[in-house]
Amino acid sequence: MFLYALKMLINDRAKYIGIVMGLSFASFIIVQQASIFVGLMLRTVGFIQDTPQPDVWVMDEKVQFIDDVKPMSDTNLYRVRGVDGVAWAVPLYKGILKARLSSGNYQNCNLIGVDSGTLIGAPPIMLEGNIVSLRDPDAIIVDYVGANNKLSFDFPINQKPLVVGDVIEINDNRAKVVGICNSARTFQSQPVVYTTFNRALNFAPNERKLLSFVLVKGKEGVNPKELAKKIRKTTGLKAFDAKDFRWLTISYYLKYTGIPINFGIAVLLGFIIGTAIAGQTFYNFTLDNLRYFATFRAMGAPIGMLRKMILLQSFWVGAIGWGLGTGAASIFGFVSKFSELSFVLTWWLFLASMLAVGFISTLSSFISLRKIQKMDASIVFKS
Amino acid sequence: MEAIRCEKLCKTYGSGPNAVQAVRGVDLQVNTGELLLIVGPSGSGKTTLISLIAGILPYEEGECRVFGEEYKEMTEEKKTTFRKNTIGFVFQSFNLIPMLTATENVAVPLLLNGILPPDAEKKARELLTELDLKDKLDISPKELSGGQQQRLAIARGFIHEPKLIVCDEPTAYLDHKTGDMVMDILKNKVLNKDRAIIVVTHDPRIFSYADRVVHMEDGQLSEKSLS
């Protein structure tokens, strides 16, 4: 009988397609919008993920997220180095500076100044050139997307990518491209330019304090959280392990920007529209087939069997709709991989969308089940 | 053998001043091997009576025993099982499921009785072949003519060999010739000494197929002469 329940559903083509499309739409919108949201949030912490060497990030006590740089005095580096449990501590500069291209164009860049000795904080993947070339005079390494877009010559008209050997000006200082790297996209989509800490201080406008972060590695066996706590207590600075720093940054964007609300509304709309389309069509399907369910009932089908038939039908459309929706969202993500769009589809988004679509189809079936429960089996004799 | 015995059977719809008594103290006895016609004007309570006899509707007063079993003594679950095993239905508007093939429609009562789909469909094909529907086995009922649909409905009504078959206006939508053919099937192929058939009808053309005709009016039955 359960096979026949599925045939009843599938062979009613128009309604079947309507229900599946409704659920696919809901699933697609939920997954696609949520994936873009997750992608955006991960972009905010892209630089932390690109810098895996330190256990602890130390910063001014007023810093609220990674891009909220509040420069500290150089002496803080030595204070941190003096904390018990610290194996090494290196300085990092992070700031927004103007780059002037040979075409005369200006472009804001995210300048990262890494420790000159160890190069800790340097880009994780080099596409052209070598990290050690950063020690060359005036050397900079530019991220691939920046080199091919905003830092390209004559952007945005005739884009000629910036290549190794090209020279640009950063805050009126000569900067020579010695490498092209692959780094995580930033939230503001600005080009990322790497150089050494000392050169970054030359590039940056003169200020009394120019130390953005201190990157710390703990001694073997030292718990990063414990170490961060100790640094906070000893120096009065803020200190987080990488995971907590990521959450601090993400929490800031969640709390102080309208991004979650905007995406939340889109996800909610997808959910509501999907529920409305799928629920209404599934209910109509049951209503249209009420006479047949009543016929089964008259012929001796237990009410429990009818319930299971309805649940099976709703499970079926839910599974197909979810599969199509998430499949389409995955294809969308794959296609947009090479674009500006941030799109990160995680396993828990799959799970969450599955639960959401499961909820929609179960809700639809419960509305239909109520109708079946209350149906008058004697309608079979009505013409 | 006694197939049905109804005594002082009453059924009322609604309550208070809006109550309508559809069946008023009906006494009826039907034996196996008998084809009984229930005739009467619209709204006389014929359909309500067969719904009571089939155990689809509950009744307030009286007694209705089908093959010795009294519905009032059965739980809803037992009543469902009883219907599944004992009763076959042929409906006025056929109630065939358009999303299933002819074979699958006929196989439904067997599936409800626990027969596996391949066996049920094999038996359904054999029966449909017997009823001259061999070339319609795998098509939807909606592609069949009225007569073919009714033959399909009859096949579904007795494929599981029920002891009682309840037919509601089986010839209502059929022309004279097709109506005759349908009644011929019911009388000569379906009816046997262990089975009873009750047919509710308006159609005087089929009176000749009946072993007995009862007339229903205002919820009450009276015996009607066949002549």
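Just so it is clear, the values below take in all heavy atoms, side chains as well, and ignore hydrogens, waters and symmetry mates. These numbers come from a predicted model, not from an experiment. Protein chains get the first letters and strands the later ones, always in sequence-line order, with residue 1 at the start of each.
Going from atom CD1 of B:Ile97 over to atom CZ of A:Arg291 covers 11.5 Å, rounded to the nearest 0.5 Å. How far CZ of A:Phe296 is from OG1 of B:Thr80: 15.0 Å, rounded to the nearest 0.5 Å.
Between A:Met305 and B:Leu112 the shortest heavy-atom distance is SD-CD2, 3.6 Å. In this structure, A:Asp12 and B:Met99 approach most closely via the heavy-atom pair N-CG, 3.9 Å. Closest approach of A:Ala298 to B:Phe89, counting heavy atoms only: O-CE1, 3.1 Å. In terms of heavy atoms, A:Tyr4 sits closest to B:Ala107 at OH-CB, 3.8 Å.
More than 12 non-hydrogen atoms from other residues, nucleotides or ligands lie less than 6.0 angstrom from OH of B:Tyr13. Open room surrounds CD on B:Glu77; 12 or fewer heavy atoms of other groups in view lie less than 6.0 Å from it. Annotation for B:Lys72: atom NZ counts as buried by contact number, over 12 foreign heavy atoms lying within 6.0 Å. For A:Tyr144, the OH atom is loosely surrounded, since the number of other residues' heavy atoms within 6.0 Å does not exceed 12. The environment of A:Lys15 atom NZ is dense: over 12 non-hydrogen atoms of other residues, nucleotides or ligands sit within 6.0 angstrom. Crowding of A:Ile261 atom CD1: a count of heavy atoms from other residues, nucleotides or ligands under 6.0 Å not exceeding 12. Shown here is A:Phe332, whose CZ atom has more than 12 heavy atoms of other residues, nucleotides or ligands within 6.0 Å. Around the CZ atom of B:Arg205, the shell of radius 6.0 Å holds more than 12 heavy atoms that belong to other residues, nucleotides or ligands.
Contact tally against chain A (heavy-atom pairs below 4.5 Å) for B:Ile56, B:Asn85, B:Asn95: the top residue is B:Asn95. For the set B:Thr48, B:Ile87, B:Leu111, the count of heavy-atom pairs under 4.5 angstrom toward chain A peaks at B:Leu111. Listed options A:Gly300, A:Gly304, A:Pro302 were ranked by heavy-atom pairs under 4.5 angstrom with chain B; first place goes to A:Gly300. Top candidate by heavy-atom pairs under 4.5 Å with chain A, chosen from B:Val108, B:Thr47, B:Thr81, is B:Val108.
Looking at B:Glu104, the atoms closer than 4.5 Å to chain A (heavy atoms on both sides) sit in the backbone and in the side chain alike.
By the 4.5 Å heavy-atom criterion applied to side chains, A:Ile303 and B:Glu76 are not counted as neighbours. B:Arg156 is listed as a side-chain neighbour of A:Thr295, based on a closest heavy-atom distance under 4.5 Å.
At least one donor-acceptor pair under 3.5 Å links the side chain of B:Arg83 to the backbone N or O of A:Arg297.
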